[in-house]
Amino acid sequence: MLVEYAKVTPEIAKSTRLLTFESKVDVKSIQRVPDLMREFGFIDKQVDVASMI
């Protein structure tokens, strides 16, 4: 696809690693965002991410 659509040379395409995405949800990683938002004063209540998923 890189060669055909992005006009990348076959040599470069072979050495390129495309992005991959996880299909599972990591609650601990997501919880970090509202925890930091609370710590720095952007929100004033604790957010429980696990209850939203």
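The first residue of the sequence shown is numbered 1, and numbering continues consecutively from there.
Taken together through direct or relayed side-chain contacts under 4.5 Å among Ile, Leu, Val, Met, Phe, Trp and Tyr, Met1 and Ile12 form parts of separate hydrophobic clusters. Note on Met37 and Phe40: same hydrophobic cluster, where clusters join Ile, Leu, Val, Met, Phe, Trp and Tyr whose side-chain heavy atoms are under 4.5 Å apart, directly or indirectly. Hydrophobic clustering (side-chain heavy atoms under 4.5 Å, transitive across Ile, Leu, Val, Met, Phe, Trp, Tyr) keeps Tyr5 apart from Val8.
Residues Val3 and Ala13 come closest through the heavy atom pair CG2-CB, 3.8 Å. Considering every non-hydrogen atom in both Lys7 and Glu4, the closest pair reads NZ-O, 2.9 Å.
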Less than 3.5 Å apart, which donor and acceptor atoms pair up between the side chains of residues 27-34 and the rest of the protein, not counting sequence neighbours?
residue, atom, partner, partner atom, Å
Ser29, OG, Asp26, OD2, 2.7
Gln31, OE1, Val49, N, 2.9
Gln31, NE2, Asp35, OD1, 2.9
Gln31, NE2, Val47, O, 2.7

